[in-house]
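A short worksheet on the structure shown next.
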Amino acid sequence: MIKTLSLTDVALATLLIAINGVISLFLQLDLERKLAWAAVRTVTQLLAIGYLLGWVFHYDRWFVVLPLMVAMTLVAGFAGAGRGRSTYRGQRGDSVVSVWLSSWLVAALGLFVIIRIRPWYEPQYAIPILGMVLGNALTGVALGIERMTEELTAHRDRVEMMLSLGATRWEAARLAARQAVRAGMIPTLNQMSVVGVVSLPGMMTGQVLAGQSPLGAVRYQIVVMFLIASAAGLGTVIAVLLIYRRLFSEDHCFLVGRIVERSAGSA
């Protein structure tokens, strides 16, 4: 059984953040307010989701679970469009579509085919697994969008020269697309390369603390790692392809005018 933490235990953990604040003051990093605000948000958001999940777990109905999953997906999709110095019209929509398609497809395969939960909306499995998949799909999509727009902007002359010499729009955009997909997948690859050696993932740690055998927890963690890697890669590819279709016309023209500085426009 997991030991129940008291408010005193939580308060002791809060002292660790206070130590960081003291370090910031001593070194004049000007981060103490940001640390305090981040700590307040962490506590508030986690308490809110704790009460919400308690309510969802109590009712255990699809019409309760599904709206929460949709809300989680929309928040992740909107967050994915918030990175980078450049943006374009429709970026937020591309981010939502990329996150939604990749995470729900991969989560569905994990829940229906691999873990095979019945019913499909059992919140104990559906919400945590979708949440982990969404988090990594969000990272991949955000990095992919950021890198794709930056590569096309930085290498505009090369792209336009290739098009003027008769290259197709895909030939002109291919290098930027490859760099964007690579950027989106690197965080997940780094995580996979050190899992179990440098760090113990949260799901595995939670199951071990709950009394699950280490090998049983490892099997679940392997499945989850492969799910999130697949979602990150698929989401990044979808995002890059959507950007490609928005920024290159069917007659092989680079619509660079659609890319604007974030301060001058929004997605």
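- Every residue two or more places apart in sequence or in another chain that forms a side chain to side chain donor-acceptor pair (under 3.5 Å) with Glu146 is listed here: Arg83.
- When hydrophobic side chains of Ile, Leu, Val, Met, Phe, Trp and Tyr are connected at separations under 4.5 Å, Leu35 ends up as a singleton with no cluster partners.
- Thr188 meets the side chain to side chain donor-acceptor pair (under 3.5 Å) test with no other residue; sequence neighbours excluded.
- A donor-acceptor pair under 3.5 Å is absent between the side-chain atoms of Thr149 and the main chain of Thr87, judged by distance alone.
- With hydrogens and angles disregarded, no donor-acceptor distance shorter than 3.5 Å links the side chain of His252 to the backbone of Thr168.
- For an aromatic pair to be called close, the ring centres must be under 6.0 Å apart, and Tyr59 with Trp55 satisfies this.
- With sequence neighbours excluded, the residues satisfying side-chain contact (heavy atoms from CB on, under 4.5 Å) with Leu105 are Leu234.
- Scanning all heavy atoms of the two residues, the minimum distance from Ala39 to Ile17 falls at CB-CG2, 4.1 Å.
- For the pair Leu143 and Arg147, the minimum side-chain heavy-atom distance is 4.5 Å or more.
- Checking side-chain atoms of His58 against main-chain N and O of Gly54 turns up no donor-acceptor pair under 3.5 Å.
- Remark: Arg246 pairs with Asp94 by the salt bridge (charged side-chain N to carboxylate O under 4.0 Å, His left out) rule, at least two apart or across chains.
- For Phe63, there are no ring pair (Phe, Tyr, Trp, His ring centres under 6.0 Å) partners, not counting sequence neighbours.
- Taking Thr42 as the reference, Leu46 meet the side-chain contact (heavy atoms from CB on, under 4.5 Å) condition, with sequence neighbours excluded.
- Between the side chain of Arg116 and the backbone N or O of Val113, at least one donor-acceptor pair lies under 3.5 Å.
- Asp9 and Ser6 are linked by a side-chain donor-acceptor pair at a separation below 3.5 angstrom, with hydrogens and angles left out of the test.
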Indicate every side-chain donor-acceptor pair of residues 156-167 with a distance under 3.5 Å to a residue at least two apart or in another chain.
residue: Arg156; atom: NE; partner: Glu160; partner atom: OE2; Å: 3.1
residue: Ser164; atom: OG; partner: Glu160; partner atom: O; Å: 3.3
residue: Ser164; atom: OG; partner: Met161; partner atom: O; Å: 2.6

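- Under the side-chain contact (heavy atoms from CB on, under 4.5 Å) criterion, Val65 pairs with Val56, Met69, Tyr121, Pro123, Ile127, not counting sequence neighbours.
- Residues that satisfy the ring pair (Phe, Tyr, Trp, His ring centres under 6.0 Å) test with Phe248, not counting sequence neighbours, are Tyr244, Phe254.
- Leu25 meets the side-chain contact (heavy atoms from CB on, under 4.5 Å) test with Glu32; sequence neighbours excluded.
- Among Leu152, Val260, Ile243, Leu255, the one residue that satisfies the side-chain contact (heavy atoms from CB on, under 4.5 Å) test with Tyr88 is Ile243.
- Through direct or indirect side-chain contacts shorter than 4.5 Å among Ile, Leu, Val, Met, Phe, Trp and Tyr, Val22 is connected to no other residue.
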